[in-house]
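Note sheet for the following structure.
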Amino acid sequence: MPGISYEDFVDTGYLPSDSDLVCEFAIEPAAGLDMVDAAGRVASESSNGTWATLDVSEDVVDLSATAFRIEDGEIAVAYPRDLFEGGNMAQILSCIAGNIMGMKAVDAIRLLDVRWPEAIVETFRGPQFGSAVKSEFLDAGDRPALATVPKPKVGLTTDDHVEIARRAWLGGIDLLKDDENLTNQSFNGFEDRLTHTLEMRDRVEEETGDSKGYLVNITANADEMKRRADLVAAQGGDFVMVDVVTTGWAAVASVREHTDDLDVAIHAHRAMHAAFDRVENHGVAMRVLAQIARLVGVDHIHTGTANLGKLANEDTVGINDWLADDLYGLNDVLPVASGGLHPGTVKPLLDRIGTNVMIQAGGGVHGHPDGTEAGARAFRQAVDAYRDDVSPDEYAEDHPELAAALDNWGTHTPR
Ligand SMILES: O=C(O)[C@H](O)COP(=O)(O)O
Ligand SMILES: [Mg+2]
């Protein structure tokens, strides 16, 4: 079989087959190696090779990857379908983003993009609802869904949390979201928070006639997440939230499998993603993390704010487009813009990312000079102004909450 020595893993005449999984990497070869040497080592270590030349018997299945394009510091590597266990994202990542991330043959390596073949895509569940949550669970089918995160992010008692939820929903917010580090701590236990927040949701829905949602953070070990998801469903919740990077994709897959019968959508917070994607020449691009999230089957995921918020971003627009594109019939994923947004950033944000999104503000709602309900109204008014094609300043003339928000923050991008 070929592929026993790393040189055998490069073939610039190779044409990937439809079933090959193709990865694009940016690589910086270590001193003394050229791009071809480094490409061979990457393809080898990420499929079936090692540093030494192997003498392999005929009955070993050939699962070698092939580096077939090498140009301008980037390489493309094709992997045979049978290298991978279908439906097992952990195993796939142990190949395409595994040992190669630390191998000394490259000073830096970044997984930029993946072409997922149908033969792999069909082994994953994908999202149960995707962007359909906006009309299926909410009244936001024709506009961005609006979410808020109670602040301070931890420390509020359950009663405080529920009161903030009430004010935010009454002000026009669709979704109340737990923060990424709020799970089941002593000051605000999961079960009480779930019960009382959903009771409040029902009261507000009755009062306003609008559908409201609660993204309760079930992040924990996999079995506990499943137990918490059961509680959410039993109490009439429509959403669970999972910190998908910190829990790991195998745990997310367990939640996705479990929620198939529960009729609840999965909101993915990406806390810790920047450990993989912030250093520009190394790691795994957010684009790939978003692809993984779609395959595993989350319904919404944070994809950044197109550089209009407080967190560093990659190509939010390109990622959002990928999440909306056809992928062998898999549902789409609703992109979530969050992190440092406020009413003054709504127009430039929607100009960049469109309206089939969820937009979310914590500080930009609760930090409003007149409090949470006014902040929620201002956030909603900024979206209504956009819908009516009226400038925020003009809309603010007869919407005092928006006027106060714009006076306070202008169009400032926070840090
Ligand atoms: O989890 C999030 O997305 C953030 O808590 C948003 O908070 P901010 O709007 O205050 O930055
Ligand atoms: Mg947060």
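In each ligand, atom 1 is the first atom listed, and ligand 1 is the first ligand listed. These values consider heavy atoms only, across backbone and side chains, with no hydrogens, waters or symmetry-generated copies. Along the sequence shown, residues carry numbers from 1. Everything numeric in this text was worked out from a predicted model, so none of it was measured.
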Only heavy atoms of [X], strictly under 4.0 Å: list the atoms of ligand 1 that pass.
X	result
His269	1 (O), 2 (C), 3 (O)
Gly363	8 (P), 9 (O), 10 (O)
Lys177	1 (O)
Gln360	2 (C), 3 (O)
Glu180	1 (O)
Ser338	2 (C), 3 (O), 4 (C), 6 (C)
Gly340	8 (P), 9 (O), 11 (O)
Ala361	9 (O)

Exactly one of Glu74, Glu314, Glu28, Glu280 should register a salt bridge (charged side-chain N to carboxylate O under 4.0 Å, His left out) with Arg110. Which one does? Glu314

min-distance N/O/S atom, Asp179 vs the Mg ion (ligand 2), resolves to OD1

Of all N, O or S atoms in Glu180, the one closest to the Mg ion (ligand 2) is OE1

Could you walk me through whether Thr219 and Asn217 satisfy the side chain to side chain donor-acceptor pair (under 3.5 Å) test, starting with their C-alpha distance in whole Å, then the side-chain angles of each, then the deciding distance to 0.1 Å, before giving a yes or no? CA-CA 6 Å; Thr219 296; Asn217 189 1; 2.6 Å; yes

In this structure, does ligand 1 have an atom that sits under 4.0 Å from one of the heavy atoms of His302? yes

Centroid separation under 6.0 Å, is that true for the rings of His267 and His302? yes

State yes or no: are the ring centers of Phe239 and His300 separated by less than 6.0 Å? yes

Would Tyr386 and Thr355 count as having a side-chain donor-acceptor pair, cut-off 3.5 Å? no

Is ligand 1 under 4.0 Å from a heavy atom in the side chain of Lys153, in the backbone, in both, or in neither? neither

Is Gly362 close to ligand 1, meaning an N/O of one under 3.5 Å from an N/O of the other? yes

Looking only at non-hydrogen atoms, find the nearest pair between Gly362 and Thr148 and report the distance. CA-OG1, 4.1 Å

Closest approach of Ala43 to Val77 (non-hydrogen atoms, all atoms of both residues): CB-CG1, 3.9 Å

Anything under 30° is parallel, anything over 60° is perpendicular, the rest tilted; go ahead and classify Trp409 against His368. perpendicular

Can you tell me which residue and heavy atom of the protein come closest to atom 7 (O) of ligand 1, and the distance to 0.1 Å? Lys151 NZ, 3.1 Å

CA sep, side-chain torsions, deciding dist, call: Tyr214, Arg193, side chain to side chain donor-acceptor pair (under 3.5 Å): CA-CA 11 Å; Tyr214 176 36; Arg193 184 169 81 251; 3.1 Å; yes

